[in-house]
Each structure stands twice: as C-alpha cells, then as structure tokens.
Amino acid sequence: MAAPCLDDPSLERNFRGHKDAVTSVDFSFNMKQLVSGSMDSCLMIWHMKPHMRAYRFVGHKDAVMCVQFSPSGHLVASGSRDKTVRVWVPNLKGESTVFRAHTGTVRSVHFSNDGQSLVTASDDKTVKVWTVHRQKFLFSFSQHINWVRCAKFSPDGRLIVSASDDKTVKLWDKTSRECVHSFCEHGGFVNYVDFHPSGTCIAAAGTDNTVKLWDVRTNRLLQHYQLHSAVVNALSFHPSGNYLITASSDSTLKILDLMEGRLLYTLHGHLGPATCVAFSRSGELFASGGVDEQVMVWKSNLATDYGDPLKNHRSGGARGYAKSPPEMDFSETSLGIKAQDPIRSPQTDVVTLPPTITNTLEHIVGQLDVLTQELHSKASSFLEGLHLFSQGKSFLDELQK
C-alpha cells in the first residue's frame with residue numbers, strides 16, 4: 001500500500017560556524033542538540049532552540065572525521081586524524097577523555113544501544129571495541145586489508161558491521177570475535193555502512209556510486225541502487241525502516257522508499273559534495289553536512305503508515321516495529337525514476353574534493369612514490385650491470401687482439 005501524500009521535505013535551519021568541510025553529524029536523543037565534526041579539527045554542538053549559542057569543542061590535534069551522541073545524550077564520541085578517540089560531556093565546559101589504541105586516522109565511532117560499548121574504525125585496518133565508562137580498550141578485529149571507513153553495532157549489540165577500502169563489508173560476532181561473513185559485491189571502496197532498525201539487514205554506500213542492501217540472516221543481496229552520479233559518502237535509515245537517505249559528492253541528498261523500491265526525492269542544498277547525513281531518533285528531522293562548511297537541518301515530512309508492520313514481520317532487534325525491505329533489483333531500471341526536487345540550489349563550479357577522496361589520492365600517491373623509488377633503484381642497478389658488462393667485453397676484445 002502506498003504511503004499517504006505529505007508535504008515535501010523542507011530546509012528548517014542552516015548552521016554556519018565551521019571553517020572547513022563538515023565530516024559528520026548526529027542528533028541527541030531528545031533532539032535538543034546536534035553535533036557536527038569538521039576538517040577544522042573542531043566539534044560544534046548546535047542547539048535546536050532558537051537564539052542559543054553553539055558550543056565549539058577544541059582538543060583534537062587534527063581533522064575530526066566522525067562524531068556521535070551516546071543513546072542517553074550525556075556523552076559525545078569523536079574520532080580524528082590525530083589517531084585518537086575522545087569522549088566529551090556536551091556542556092559549556094566541554095571536558096573530554098582521550099582513548100588511545102589506534103595507530104592511524106580514526107574514521108568512525110559508534111555507541112552500542114545500551115551505551116556501554118563503543119566501536120571504532122581506523123586507517124590502521126582495524127576495528128576496535130571499548131568499554132565506555134571504564135574507558136578501556138577490549139579487543140580488535142583485524143581481517144581487513146585496507147583502511148576501515150566505518151563500523152556499527154547491530155540494534156541488539158550482538159553483531160558489528162564494518163566497511164573498508166578493501167571493497168568488502170564484514171559482519172562480526174561480538175561474542176565469538178569472529179568474522180561471520182564478508183560481502184564482496186561492491187566495485188569500489190566502501191565508505192559507509194549501517195544496520196536497518198530491525199537488525200535484519202544492512203545498507204552500504206561506496207565509491208562506485210551505488211547503495212546496496214543485504215539480508216544478514218541469509219547473506220543475500222536484497223536491493224541495489226545506482227542513482228547518484230558520484231561517490232556516495234554516507235547514508236541513514238529512517239527509524240521506521242521504510243526510508244533510506246543518502247549523501248553524495250554529486251552535491252545531492254536522495255531519499256529512497258525501501259518498501260516500494262523507488263526514489264522519492266532528490267534534495268539540492270549543498271554547494272559542493274554532501275559528505276554526511278543522519279536522521280533524528282524520531283525521524284522528524286534529518287541533518288546534512290558538506291564541503292561547503294554548512295550544517296543543514298531538514299524537516300522530513302515522511303509518512304510511516306504502511307499498515308501495521310508487526311503483522312508482517314517481527315524482529316528480535318531493539319526496534320522490533322521496523323519492517324525489513326523486500327527483495328528487489330534496482331540497478332539499471334531505477335535510473336529512469338524521476339525524483340521531485342523540493343529545493344534547488346544554483347549550480348556552482350565547486351571543485352573542492354571531499355576528504356575521503358583527498359585521503360585516498362594521498363594514499364595512492366604515497367604508494368606510487370614507493371613503486372617509483374623501487375623502479376629507480378632497480379633501473380640504476382640494471383644500468384650499472386650493463387656498464388660493467390660493456391667494460392668486461394671491451395677487456396676480452398683487447399685480450400683477443
């Protein structure tokens with residue numbers, strides 16, 4: 001059954017204060033605050049109530065790559081290119097505790113639903129699990145063979161999913177500490193991954209411009225979307241489980257109806273790549289950030305009335321009311337769907353690369369430098385050998401005379 005028609009999504013607030021690209025956004029549980037992280041090395045806590053000043057948290061020595069509120073809203077976690085994780089108290093003092101164990105950029109932080117554990121992902125190719133209140137590192141997952149971009153707990157906390165530049169999405173059992181499955185269908189680096197609110201499937205976004213959904217019970221590919229014209233940097237499920245929103249370097253946000261398998265909206269707001277997006281805990285709002293240094297807050301206006309999902313599906317996850325999306329294929333046919341454009345921004349020639357691409361290019365250039373040095377060394381040895389051979393041949397020719 002189609003959802004009843006409501007108003008289009010609308011831009012509610014526009015926060016400016018960061019001095020570089022915004023990398024991550026998240027709402028507090030009560031929706032009174034919004035946190036953002038930026039390449040300017042700062043966190044900003046924005047107040048949803050008008051006329052209240054934002055808090056700027058300074059402490060990281062390099063770019064802040066990821067932020068998240070704890071389920072209670074009493075803590076904020078952040079990860080940075082300075083290789084540390086910090087846990088902050090989101091008040092005027094802005095006190096923080098530093099977690100050190102990673103040896104590379106920390107690209108992802110995520111609290112478990114009970115708020116007791118934290119999972120982090122890093123360029124050191126590991127996923128690490130920590131206890132929050134004892135501030136103690138517990139264990140690592142280390143089967144990825146390239147940078148790990150993202151890691152998330154399942155709603156029930158029993159599984160962890162991770163996404164990597166090795167082009168895989170891995171599913172881990174938190175208790176046995178083993179990798180239970182690797183999804184290898186992405187054609188490029190996997191930037192972002194998250195669990196559906198039911199806990200029964202996952203969605204992943206990649207540099208191949210696609211979004212894919214898998215059932216974690218059968219490991220089957222459920223849905224495949226190729227709707228963006230550039231890298232997909234982030235995604236977020238609506239709490240009902242009926243919708244998915246994506247953020248892309250093509251500067252747009254797209255809202256997908258997972259139950260009907262169609263593109264609902266393409267939102268134009270950011271001037272340049274959209275780097276991050278997140279629904280509020282109620283789904284009434286969503287926030288996005290971009291290379292344009294802006295944090296935008298939108299009213300979703302999304303219907304959630306598809307009948308009673310509990311009659312069709314029951315889940316053991318923390319949010320059992322969410323219905324899993326059906327199995328569909330949207331690779332080529334979905335490209336013909338016309339989306340509504342409730343907000344259009346003027347087209348600008350923005351050529352600033354998002355941090356994910358910049359870091360990837362730096363990594364590639366570094367590898368090319370190493371290869372060039374090795375080739376130069378081998379070429380020098382080869383030429384030296386030729387020179388000695390030539391001298392030896394000349395000496396033999398002289399003897400034969």
Polar contact flag, side-chain donor to acceptor under 3.5 angstrom, [X]-[Y]:
{"X": "Tyr243", "Y": "Asp257", "result": "no"}
{"X": "Ser249", "Y": "Asn233", "result": "yes"}
{"X": "Lys170", "Y": "Ser182", "result": "yes"}
{"X": "Thr246", "Y": "His228", "result": "yes"}
{"X": "Lys93", "Y": "Tyr55", "result": "no"}
{"X": "Ser162", "Y": "His144", "result": "yes"}
{"X": "Ser140", "Y": "Ser142", "result": "no"}

Give a yes or no on this: more than 12 heavy atoms of other residues, nucleotides or ligands lie within 6.0 Å of atom CZ of Phe29. no

My understanding is that only residues two or more places apart in sequence, or in another chain, count here; which of them pass side chain to side chain donor-acceptor pair (under 3.5 Å) with Asp20? none

For Glu12, side chain to side chain donor-acceptor pair (under 3.5 Å) partners two or more places apart: Ser10

For [X] and [Y], indicate whether the former's side chain and the latter's backbone hold a donor-acceptor pair under 3.5 Å.
{"X": "Thr207", "Y": "Phe189", "answer": "yes"}
{"X": "Ser112", "Y": "Ser117", "answer": "yes"}
{"X": "Thr105", "Y": "Arg107", "answer": "no"}
{"X": "Thr168", "Y": "Phe183", "answer": "no"}
{"X": "Asn14", "Y": "Met296", "answer": "no"}

Hey, are Arg158 and Asp173 close enough for a salt bridge, meaning a charged N less than 4.0 Å from a carboxylate O? no

I'd like to know if Lys152 pairs up with Asp194 as an ion pair, taking the criterion as any Lys NZ or Arg NE/NH1/NH2 lying under 4.0 Å from an Asp or Glu carboxylate oxygen. yes

Looking only at heavy atoms, which two atoms of Phe27 and Val297 are closest? And how far apart? CZ-CG1, 4.2 Å

Would you name the heavy atoms of Ser122 and His102 that are closest together and state the gap between them? CB-ND1, 3.1 Å

Only pairs at least two apart or in different chains count here, so list each side-chain hydrogen bond (donor to acceptor under 3.5 Å, both in side chains) that has a residue in residues 58-77. His60-Ser78, His60-Asp82, His60-Thr84, Asp62-Arg81, Ser70-Ser72

